[in-house]
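As structure tokens, the structure follows; a few thoughts come after it.
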Amino acid sequence: MSAIQATRGTRDILPEEIPYWQHIEAIAREILGRAAYQEIRTPIFEQTDLFARGMGEATDVVSKEMYSFQDRGERSLTLRPENTAGVVRAFVEHNLQAQGGIQRLWYLGAMFRYERPQAGRQRQFHQLGLESLGSADPRADAEVIAIANDWLQAIGLKNLRLEFNSIGDRTDRQHYREALIAYLTPHKADLDADSQDRLTRNPLRILDSKDQNTQKILQAAPSILSYLSPESQKRFEQVQQLLSDLGISYRLNDRLVRGLDYYTHTVFEIQSDDLGAQATVCAGGRYDGLIAELGGAETPAVGWASGIERLVLLLQKMQKPPVKALDFYLVSRGDRAEAQALKLAQTLRQTGFSVELDLSGSAFGKQFKRADRSGAAACLILGDAEADSQTVQIKWLASGQQASLAQAELLANPDALRQQVQTAQTEA
RNA sequence: GCGAGCGUAGCCAAGUGGUUAAGGCAGAGGUUUGUGGUACCUCCAUUCGUGGGUUCGAUCCCCAUCGUUCGCCCCA
């Protein structure tokens, strides 16, 4: 009888890995909070139509990567492949724009895409993202990029690079699209098979083909930047100026296009070279048309999303996980002592200390061995002798110093005890 | 969806068509029946992802399947 395994493309995040996640999330909460962002939690599944309209029917994500199913009421539902559409849906549904000003929202949660699993790519994965809804000001673009930058830096990641581009508004892009098709059509026979197919389906995406010959042909291709209207050009330059003023370095990449249809003007990716084929850890841009597309008022917006698994992979490559800080490991042996040990553990916990209680009942020698491995600052020892006299032995594991004191005395001055624990922990 | 590699204990890992599947780490017990981090001893896979086939016999060969890794596609 074989045991059931986690399904393909999903995985368990075991306690050993959790410190990395908590580190990433804690810093995000801090930095997003300081930037006046508020958390939003939207459903994990939505009506299929929301994603089809939001991301574009022709995109790969919609056409072949969605986890869609019918529920018992015959509704077509889809596990969210990304969360911008869901956040925008909530924004429109609850009329958040009526609250005035701009809405700054962030989210964290599981996303689902039916793809072939690979390093840094699962079918269920987690994204942390933000959406700044309601401002067309170039400062909004620069602000969201600056927040991403601060966050990734505060996490401790190095060697990241920001790729930055503008794809203009719809009209700019239409003109460019025509020019690109006009340029590539004579070379069609020399393009790789995928690119030939994309020439009619989604020509902009030919730009990031990895095929060498295609890239060679593209060297002389027209640039999107030559097709920006004067207004689009101006806002592109403004965002760049703001980034420079903030001291954020970026690489202009006029070949950077994004896979989802809703982007306008600013698009960017933050990439790492340490992840193999999945280089992008954070990506986003402006999406001025999406909110109206989904039934809301015409509202400019900009945002990004970041894949947590990829950040965890990068962190694991560069640092050891933080060791858990345990204050006390409590060993006990004998009927009276064991009964008292639980009470003592609870009292210490209620006073604010962390305590691991050894439940094995095995020989003291074994319990000490576990105490040592627990990483605790001190071992508390409770045998029947101590139980009878209402005392406890405290042994500081790093120094080996041991003392006997009344249980009441241990808790008489929590601040002093906390001080001792901290001293022991910093020494260890 | 396409191509290639891999799958031996919790982890790392050797191995061979033939009655008993190395080793290391971790774990459990003991030397030490109330004192850890060292040392020594003992234990820890009727079984080699799963199912089928070839064979007198398969962990090893073949097929299928599941999972995984790398690349493509695509994306965070």
Counting only Watson-Crick or G-U wobble pairs whose two distances fall under 3.5 Å, which nucleotide matches B/A76?
-> none
Counterpart base for B/C60, defined by Watson-Crick or G-U wobble contacts under 3.5 Å | none
Which whole-number value in Å describes the distance from A/Gln127 CD to B/C75 P?
-> 12 Å
First of A/Ser362 and A/Arg113 reached from the 5' end of RNA chain B, by closest nucleotide | A/Ser362
Under 4.0 Å between any heavy atoms, over every strand shown, what does A/Gly400 touch: base, sugar-phosphate, or nothing? Just pick one.
-> base
Atom pair distance, as rounded to whole Å: CZ in A/Arg370 and C1' in B/G37 = 15 Å
Could you check which of B/C74, B/U69, B/G30 has an atom nearest any side-chain atom of A/Lys366?
-> B/G30
Nearest to the side chain of A/Phe125 - B/A76, B/U68, B/U35?
-> B/A76
For A/Lys369 and B/G29, what is the distance between atoms NZ and C1' respectively, to the nearest whole Å?
-> 10 Å
Watson-Crick or G-U wobble partner for B/G27, using a 3.5 Å limit on both distances?
-> B/C43
Pick base, sugar-phosphate or nothing for A/Ala283, based on heavy-atom distances below 4.0 Å to the nucleic acid.
-> sugar-phosphate
What integer number of Å spans the P atoms of B/U35 and B/C43?
-> 26 Å
Nearest heavy-atom approach of A/Ile147 to A/Trp304 is CG2-CZ2, 4.3 Å
Counting side-chain heavy atoms from CB outward, which of B/G36, B/U35, B/C74 is closest to A/Asp372?
-> B/G36
Of all the choices, B/G1, B/G36, B/A28, which nucleotide is nearest to the side chain of A/Arg116 once you look at every atom?
-> B/G1
Spacing of the C1' atoms in B/U46 and B/U19 (rounded, Å) = 13 Å
Evaluation steps, salt bridge (charged side-chain N to carboxylate O under 4.0 Å, His left out), between A/Arg161 and A/Asp273 = CA-CA 9 Å; A/Arg161 80 180 159 271; A/Asp273 287 329; 3.2 Å; yes
Any idea which heavy atoms bring A/Pro300 and A/Ala136 closest together, and the distance?
-> CG-N, 3.5 Å
Provide the Watson-Crick or G-U wobble partner of B/A14, both distances under 3.5 Å; none if there is no partner.
-> none
Would you call the rings of A/Phe353 and A/Phe328 parallel, tilted or perpendicular if under 30° counts as parallel and over 60° as perpendicular?
-> tilted
Could you work out which one of B/G1, B/G67, B/C75 sits closest to the side chain of A/Tyr114?
-> B/G1
Interatomic distance at P, B/C11 relative to B/G27, whole Å | 15 Å
Please determine, for B/U32, whether a Watson-Crick or G-U wobble partner exists with both distances under 3.5 Å, and give it or none.
-> none
Indicate, with a heavy-atom threshold strictly under 4.0 Å, whether A/Gly120 touches base, sugar-phosphate, or nothing.
-> base
Parallel, tilted or perpendicular: ring planes of A/Tyr176 versus A/Tyr227, cut at 30 and 60 degrees = tilted
Could you check how far CD of A/Glu115 sits from C1' of B/A76, rounded to whole Å?
-> 10 Å
Heavy atoms under 4.0 Å, any strand shown: does A/Ile308 hit a base, just sugar-phosphate, or nothing?
-> nothing
Do you know which two heavy atoms are closest between A/Ser374 and A/Glu356, and how far apart they sit?
-> CB-OE1, 4.2 Å
Which is true for A/Gly9 with a 4.0 Å heavy-atom rule: it touches a base, it touches only sugar-phosphate, or it touches nothing?
-> sugar-phosphate
A/Asp169 side chain to A/Thr264 side chain, donor-acceptor N/O pair below 3.5 angstrom | no
For A/Gln393 and A/Ser306, take the nucleotide of RNA chain B holding the closest heavy atom to each; which residue's nucleotide lies nearer the 5' end?
-> A/Gln393
Rounded distance (Å) that lies between atom P of B/C72 and atom NZ of A/Lys64 | 14 Å
Just name whichever nucleotide pairs with B/C2, Watson-Crick or G-U, keeping both distances under 3.5 Å, else none.
-> B/G71
Take the protein atom CG of A/Leu397 and the nucleotide atom P of B/G36, then report the distance between them rounded to whole Å.
-> 11 Å
Write down the distance separating the C1' atoms in B/U50 and B/A58, rounded off to the nearest Å.
-> 16 Å
List the steps and the verdict of side chain to side chain donor-acceptor pair (under 3.5 Å) for A/Asp358 and A/Ser360.
-> CA-CA 6 Å; A/Asp358 193 306; A/Ser360 69; 2.6 Å; yes
What integer distance in Å separates A/Gln118:CD from B/A4:P?
-> 16 Å
A/Phe368, nearest nucleotide to its side chain (from B/G36, B/C75, B/G30) | B/G36
Between B/U32 and B/G24, how far apart are the C1' atoms? Round to whole Å, please.
-> 26 Å
Round to a whole Å and report the spacing from CD of A/Gln122 to P of B/U68.
-> 9 Å
Within the structure shown, what part of the strands sits under 4.0 Å from A/Arg121 by heavy-atom distance: base, sugar-phosphate, or nothing?
-> base
When all nucleic acid strands are considered with a 4.0 Å heavy-atom cut-off, which category describes A/Ala305: base, sugar-phosphate, or nothing?
-> sugar-phosphate
Counting only distance, no hydrogens or angles, is the base of B/G34 paired donor-acceptor with the side chain of A/Gln402 under 3.5 Å?
-> no
Check if the side chain of A/Arg310 and the base of B/C75 share a donor-acceptor pair of N or O atoms closer than 3.5 Å.
-> yes
Are a donor atom and an acceptor atom from the side chains of A/Arg349 and A/Gln346 found within less than 3.5 Å of each other?
-> yes
Is the distance from OP1 or OP2 of B/G27 to the nearest side-chain N or O of A/Arg373 less than 4.0 Å?
-> yes
Using a heavy-atom cut-off of under 4.0 Å over every strand shown, decide if A/Asp384 touches base, sugar-phosphate, or nothing.
-> base
Kindly confirm whether the side-chain ring of A/Phe364 is stacked on the base of B/U35, judged by centres under 5.5 Å and planes under 30°.
-> no
Is there a donor on the side chain of A/Lys395 or the base of B/G36 sitting less than 3.5 Å from an acceptor on the other?
-> yes
Counting any heavy atom closer than 4.0 Å, what does A/Ala6 reach on the DNA or RNA strands: base, sugar-phosphate only, or nothing?
-> nothing
